[in-house]
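The structure appears right after this line, and notes come after that.
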Amino acid sequence: MMAKDNGTASAGKKKPINEMTLIFPALSRNESFARVVAASFISQLDPSIEELADVRTAVSEAVTNAIIHGYEDKAGNIKMICLLYDDSVEITVIDEGKGIENIELARQPLYTSKPDMERSGMGFTVMETFMDEVKVESEVGKGTKVTMLKYFKSLKDKERRAKNDK
Amino acid sequence: MMAKDNGTASAGKKKPINEMTLIFPALSRNESFARVVAASFISQLDPSIEELADVRTAVSEAVTNAIIHGYEDKAGNIKMICLLYDDSVEITVIDEGKGIENIELARQPLYTSKPDMERSGMGFTVMETFMDEVKVESEVGKGTKVTMLKYFKSLKDKERRAKNDK
Amino acid sequence: MQVKFSNKGNILIVRLIGELDHHASDYVRRKIDGEMIKPTTKNIIFDLSNLSFMDSSGIGIIMGRYRAISRINGQIAVACSNAQILKLLEMSGISKVIQIFSDADKAVKSMLGVTKK
Amino acid sequence: MQVKFSNKGNILIVRLIGELDHHASDYVRRKIDGEMIKPTTKNIIFDLSNLSFMDSSGIGIIMGRYRAISRINGQIAVACSNAQILKLLEMSGISKVIQIFSDADKAVKSMLGVTKK
Ligand SMILES: Nc1ncnc2c1ncn2[C@@H]1O[C@H](COP(=O)(O)OP(=O)(O)O)[C@@H](O)[C@H]1O
Ligand SMILES: Nc1ncnc2c1ncn2[C@@H]1O[C@H](COP(=O)(O)OP(=O)(O)O)[C@@H](O)[C@H]1O
């Protein structure tokens, strides 16, 4: 389905230790639901509060974009896929909405096609700041797929501390 | 896929106000994840604490059954579908595991095919007690589909109280 | 899931903390059975006061220990005040064969009274 | 999501409680704009101390009010101590044009000091 390719999100060829797929309609009240599901899924790794908040925020941005830009408040389904690795999570948010014409422009800080809705144009920038890698694939008239990777550095720190304690 | 039919769960022809589908591998640590997802999804209706606990318990039983009886701890995917109505929720848990030969026997209180695992044989009875309707469909070698309906009576009570207050 | 033990005479008090489902049940069973084989254990009190969730896997665990303890003529009691878990104990029939108390202290007192007779 | 208002002179203090995302933003915007058109409002303090979550929709709301208030030569300040939300205010550039305080009292004191000059 997808054409253009920006960024390089990928957790490599490792097998995930757990995964989930969530499908839900593009309703704004599902933004908080998607956040809860993603946060609850990654908590099995016991990441730091900050890492949890980072993922919640990035998921919120990607799902909100699918609702207001992808489907423009029309009906449609959003798919969120989480692949959990022992040190990271890859979260993909997919819509089959209108798609993005110019991905590079869309990713610019402050760029928004909906200033009338008081969008800040910071959605992609937030995802990039709060996650470690963000890949955007999109085709006009087909839809958009945003893939985000987050490393849980806190787990490494914990491991290191546990080792030093011995 | 399904053949036999027990019980009569169905929320009628009404259109759900929201819905979700969750797909996850048959790992026991996803039992609590499935509970969180179902509880978080239905909380948008603001049910009572007891109703929330009822649904969490029933979901736990259905998902556990899919893992230990359906897939017998082998790999496989479980699908949970929640259809939310303004006064109720219909939750379906589907596995593509070994299936149930005799549904009537399986639903008997205390019947279990795994007494060695210290299963109590009370799973289906719990679902029936805690939910308002439970339908079980299954085909040997194909899988099992458990559909559970829960009415949120507390919402009606709230409405009534709100009216009386006026 | 956490399992904590304490002893009052020959009573083993098993305090369960967290959510007791099938996933947790293997660990819980292993921990309890490790304590049960000690010769000091004759009776068991399950303190469920700190469980925030339990499903029929918990019923299986309690019934399993009930059978083992009955064989050595011991007693089992449960302390629980969570409405949802009480409902589960009720419908499973456990409350017909095992005494249920609102807290662990009451269970200990009653059991010491009975076993001392 | 809850929005609570209080006034200190010509300062409108907007206390946001809950999670501020796109879903909540329509309601929040309507509530705030209803208070902003009152002639008593010249300056605004956004008190985010009771927000447990905010994403870029919150940035949009604050920037929108900032533009409106700037037009009448008013001031805007934000009170916030949540690390995640501070990170968001920082990266969005809001902290370059709007002063951020650790709590609402400090924001009020500073703003009264400035506006009284
Ligand atoms: N899922 C999507 N479908 C279609 N267009 C999108 C999607 N996500 C983002 N866009 C486009 O990219 C632009 C920038 O997005 P973003 O940085 O999140 O800012 P904002 O949401 O505030 O507009 C949007 O204004 C929109 O035009
Ligand atoms: N998803 C399933 N797939 C195959 N068999 C099942 C499934 N769910 C239930 N069963 C069968 O029904 C029996 C009774 O189930 P239940 O009442 O939940 O008790 P328990 O799980 O304690 O055995 C099980 O022992 C099993 O044989």
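Just so we're on the same page: letters track the sequence lines, and every chain starts at 1. This one's a predicted model, so the numbers in the text were calculated from it and none came from an experiment.
- Residues from residues 109-119 of chain A that place a non-hydrogen atom less than 4.5 Å from a non-hydrogen atom of chain D comprise A/Met117, A/Glu118, A/Arg119, given in numerical order.
- Using a 4.5 Å heavy-atom cut-off against chain D, no residue of residues 74-84 of chain A qualifies as contacting.
- In this structure, the side chains of A/Ser120 and D/Met63 stay at 4.5 Å or more apart for every pair of heavy atoms.
- Heavy-atom contacts from other residues, nucleotides or ligands closer than 6.0 Å to CD1 of A/Ile49 number 12 or fewer.
- For the pair D/Ser52 and A/Arg56, the tightest heavy-atom approach, listed with the atom from each and the gap, is O-NH2, 3.9 Å.
- In this structure, CE in D/Met91 is found 6.5 Å from CZ in A/Phe130, a value given to the nearest 0.5 Å.
- Each of A/Val126, A/Val59, A/Thr64, A/Val63 was evaluated against D/Asp55; a single residue qualifies, A/Thr64, per the side-chain contact (heavy atoms from CB on, under 4.5 Å) test.
- Contact check for D/His23 versus A/Asn30: no side-chain heavy atoms found under the 4.5 Å cut-off.
- One finds the CD atom of D/Glu90 at 11.5 Å from the OG1 atom of A/Thr129 (value rounded to the nearest 0.5 Å).
- For the pair A/Ser32 and D/Glu19, the tightest heavy-atom approach, listed with the atom from each and the gap, is CB-OE1, 4.2 Å.
- Interface remark: A/Thr125 contributes backbone and side-chain atoms alike to the contact with chain D (heavy atom separation under 4.5 Å).
- For D/Asp21 and A/Arg35, the salt-bridge test passes: some basic side-chain N is under 4.0 Å from an acidic carboxylate O.
- For D/Arg67, no part lies near chain A; criterion is any non-hydrogen pair under 4.5 Å.
- Residue D/Ile62 does not touch chain A at all, counting heavy-atom pairs closer than 4.5 Å.
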Would you sort out whether A/Glu50 and D/Lys87 count as a side-chain contact (heavy atoms from CB on, under 4.5 Å), showing the intermediate values? CA-CA 10 Å; A/Glu50 196 192 332; D/Lys87 209 160 125 184; 3.0 Å; yes
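- Residues A/Met122 and D/Ser92 approach most closely at CE-CA, 3.7 Å, considering heavy atoms.
- For a residue to count as touching a neighbouring chain, one of its non-hydrogen atoms must lie under 4.5 Å from one of that chain's; by this rule A/Ile68 touches chain D with the side chain only.
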